[in-house]
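Here the structure comes first, spelled out in structure tokens, and everything after it is commentary.
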Amino acid sequence: MDCIVFLETHKSGSSRDAIEAAVQMGYFTILLTQQMKKMNQREEYPDVHQMIFVKDLQDKDVIYEQLAIINKQEKQIKAFISFVDPFVRLAAEMAAELGLISLSVPALYHMEDKTRFREILNGHPAAPKHAVLSLEKDADTLFHTYADQLPFILKSPVSNGSKDVLLIKDKEAFLDACTYFKRQSGLSSLLLEEYVEGPQYLIEIIVEHGTVQLAAVIEQIISKEARFIITGYLMPAPLSDSSTEELQTTIENIVHHLGLTHGTCHAEMRKTDSGWKLIEINPRISGSAVNQLIYESTGISLVKETLKLNLGDRIDCIPKKQLSAYAHFITIQGRGKLIKVTGKQKAKTVASIKKVYVKPRRGSILSAPVSMGHRYAYVIASSPDKDEAVNAAKSAAEKIKFHLEPI
């Protein structure tokens, strides 16, 4: 029996889409998870044929013990993969040790830590200026060292989902940020980056034996509140041919510098007067609604193509259709316990709507967004007309209401 082993998954989004795609491809799916909650909610994962609890997914010895048991069950492991931080590089490393398709493990290693990839790209035309700050140093002294670079970004080297990415405009904000980061266990340094102005784009990248393909270029709509929260994604991004060609060249150059010859990643880039600038790069495809958004726009299942890449099959990123697709995310203001959500069915009746997803359950504590994890629902619409897709998604989102009990 041919099987694919997944190292962790989220309940929804690209990591879950990948498991569903594996089933559609005819594979037996095995999930290794360190979340007992998933074991207790086993019936909610019918696409997972076998679920195995592992207390610590960073413990390779324990994982190998589980893989040995799987092999004794006459299951042939064809791919060992993760779509979830921080297990992507570990899964690729173990896949190589198992004699499976080998990805560019050193490149994935560089990309999973923001300090590492910044150092590799230091001096690159697409790389904003940066510095590494020690949290052991006096915050006041640090501020005066870099005060002439205001405004700038401070972030944790291992942040994701905008949770620990702060825009610093003055000394008070800097000192508050240092206090905030010092409270985090195990964090000894911060990454300071030049603040780059310009529209931001999400680029999904798949590299097959050295050939770099931009599987998707998506415009991001960002809400600048306490954090940088992306509330909208437009696919395809409205870029000129010359801008797209320049982006392709820039991405190829970045990927080459990082040493990625076989694997996937996604980058966030800003288009500036001085060219494209790299804001983030991560060693996996984007999570949340992005895989579904790409599918509604092009007919391409990027998670399926990623699985094929890991199985040694030829990938196919040629669009099957060409539509505009827009994903609109819903956040709330304030804080409270969720009593109920209304309007979901009404949202589904809006023309051009393809998906409506609400994440939290009744009784959950909801709050204003300080990370991407505080986006509580999304709506995806697609249409031959860009404006129609955007307006449909926003119209449907307005029908969804979160009813909260103050706490």
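Values reported hereafter were calculated over all heavy atoms of this structure, with side chains retained and with hydrogens, waters and symmetry mates removed.
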- Can you name the ring pair (Phe, Tyr, Trp, His ring centres under 6.0 Å) partners of F402, sequence neighbours left out?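 Partners of F402 under the ring pair (Phe, Tyr, Trp, His ring centres under 6.0 Å) test: none.
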So, does [X] use its side chain to make a donor-acceptor pair with the main chain of [Y] at under 3.5 Å?
{"X": "S14", "Y": "S286", "value": "yes"}
{"X": "D316", "Y": "I318", "value": "yes"}
{"X": "S15", "Y": "H10", "value": "yes"}
{"X": "T349", "Y": "K346", "value": "yes"}
{"X": "S382", "Y": "S324", "value": "no"}
{"X": "S104", "Y": "T261", "value": "yes"}
{"X": "K277", "Y": "P125", "value": "yes"}
{"X": "S297", "Y": "L293", "value": "no"}
{"X": "H262", "Y": "H209", "value": "yes"}
{"X": "T29", "Y": "H49", "value": "yes"}

To the nearest 0.5 Å, how far apart are [atom1] in [X] and [atom2] in [Y]?
{"X": "I254", "Y": "W276", "atom1": "CD1", "atom2": "CH2", "value": "11.0 Å"}
{"X": "I279", "Y": "Q220", "atom1": "CD1", "atom2": "CD", "value": "10.0 Å"}
{"X": "L191", "Y": "D164", "atom1": "CG", "atom2": "CG", "value": "12.0 Å"}
{"X": "E20", "Y": "S12", "atom1": "CD", "atom2": "OG", "value": "10.0 Å"}
{"X": "F152", "Y": "L154", "atom1": "CZ", "atom2": "CG", "value": "5.0 Å"}
{"X": "I120", "Y": "D113", "atom1": "CD1", "atom2": "CG", "value": "11.0 Å"}

- Query: Between F181 and K155, is there a cation-pi geometry (under 6.0 Å to ring centre, at most 45° from the normal)?
  - Reply: no
Taking the side chain as every heavy atom from C-beta outward, state whether [X] and [Y] have any pair of such atoms under 4.5 Å apart.
{"X": "K271", "Y": "L247", "answer": "no"}
{"X": "F83", "Y": "R284", "answer": "no"}
{"X": "Q58", "Y": "P86", "answer": "yes"}
{"X": "K11", "Y": "R16", "answer": "yes"}
{"X": "V341", "Y": "R361", "answer": "no"}
{"X": "L103", "Y": "N310", "answer": "yes"}
{"X": "L150", "Y": "F174", "answer": "no"}
{"X": "L278", "Y": "H124", "answer": "no"}

- Would Y64 and L67 count as a side chain to side chain contact (heavy atoms under 4.5 Å, CB included) if you check the C-alpha gap in whole Å, the side-chain angles of each, and the deciding distance to 0.1 Å? CA-CA 5 Å; Y64 275 121; L67 296 182; 4.1 Å; yes
- Query: So which of V84, I81, I63, I30 actually passes side chain to side chain contact (heavy atoms under 4.5 Å, CB included) with L7?
  - Reply: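 With L7 as partner, V84, I81, I63, I30 yield a single side chain to side chain contact (heavy atoms under 4.5 Å, CB included), made by I63.
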- Message: Run the side-chain hydrogen bond (donor to acceptor under 3.5 Å, both in side chains) test on Q248 and E252 for me, step by step, so that the C-alpha distance in whole Å, both residues' side-chain angles and the decisive distance to 0.1 Å come before the verdict.
- Response: CA-CA 6 Å; Q248 174 80 38; E252 287 179 353; 2.8 Å; yes
Assess whether atom [atom1] of [X] is packed by more than 12 heavy atoms of other residues, nucleotides or ligands within 6.0 Å.
{"X": "K171", "atom1": "NZ", "answer": "yes"}
{"X": "Y201", "atom1": "OH", "answer": "yes"}
{"X": "K129", "atom1": "NZ", "answer": "no"}
{"X": "K137", "atom1": "NZ", "answer": "no"}
{"X": "K169", "atom1": "NZ", "answer": "no"}
{"X": "D148", "atom1": "CG", "answer": "yes"}
{"X": "D241", "atom1": "CG", "answer": "no"}
{"X": "K321", "atom1": "NZ", "answer": "yes"}

- Tell me, which pairs form a side-chain hydrogen bond (donor to acceptor under 3.5 Å, both in side chains) where one or both residues lie in residues 398-407, sequence neighbours left out? T342-H403
Heavy-atom pair with the smallest gap, counting every atom of [X] and [Y]:
{"X": "S134", "Y": "L142", "result": "O-CD1, 3.5 Å"}
{"X": "E219", "Y": "A237", "result": "N-CB, 3.6 Å"}
{"X": "A327", "Y": "I380", "result": "CB-CG1, 4.0 Å"}
{"X": "R375", "Y": "S288", "result": "NH2-OG, 3.8 Å"}
{"X": "A215", "Y": "C317", "result": "CB-SG, 4.4 Å"}
{"X": "L404", "Y": "P406", "result": "O-CD, 3.8 Å"}

One thing to verify: whether [Y] and [X] come together as a salt bridge, which I'm taking to mean a side-chain N less than 4.0 angstrom from a carboxylate O.
{"X": "E119", "Y": "R116", "answer": "no"}
{"X": "E296", "Y": "K354", "answer": "no"}
{"X": "K114", "Y": "E193", "answer": "no"}

- Task: Would you check, one step at a time, whether the test side chain to side chain contact (heavy atoms under 4.5 Å, CB included) holds for I221 with H328?
- Result: CA-CA 9 Å; I221 290 78; H328 185 78; over 6 Å; no
- Task: Step by step, work out the side chain to side chain contact (heavy atoms under 4.5 Å, CB included) result for E204 and I294.
- Result: CA-CA 10 Å; E204 295 295 338; I294 295 169; 3.8 Å; yes
- Message: Does anything in residues 372-401 form a ring pair (Phe, Tyr, Trp, His ring centres under 6.0 Å)? List the pairs, not counting sequence neighbours.
- Response: F329-Y378, Y357-Y378
- Query: Applying the salt bridge (Lys or Arg N to Asp or Glu O under 4.0 Å) test to K38, which of E8, E43, E44 qualifies?
  - Reply: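 It is E8, the one option of E8, E43, E44 that forms the salt bridge (Lys or Arg N to Asp or Glu O under 4.0 Å) with K38.
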- Message: Under the criterion side-chain hydrogen bond (donor to acceptor under 3.5 Å, both in side chains), I'd like the reasoning laid out for S156 against Q184: C-alpha separation, chi angles, the key distance, then a yes or no.
- Response: CA-CA 10 Å; S156 162; Q184 297 189 22; 4.9 Å; no
- V5/Q66 under side chain to side chain contact (heavy atoms under 4.5 Å, CB included): CA gap, chis, key distance, verdict: CA-CA 11 Å; V5 179; Q66 292 296 334; over 6 Å; no
- Message: With side-chain hydrogen bond (donor to acceptor under 3.5 Å, both in side chains) as the criterion, how do K75 and Q50 come out once you've worked through the C-alpha distance, each side chain's angles and the decisive distance to 0.1 Å?
- Response: CA-CA 11 Å; K75 299 183 178 99; Q50 184 175 354; 3.0 Å; yes
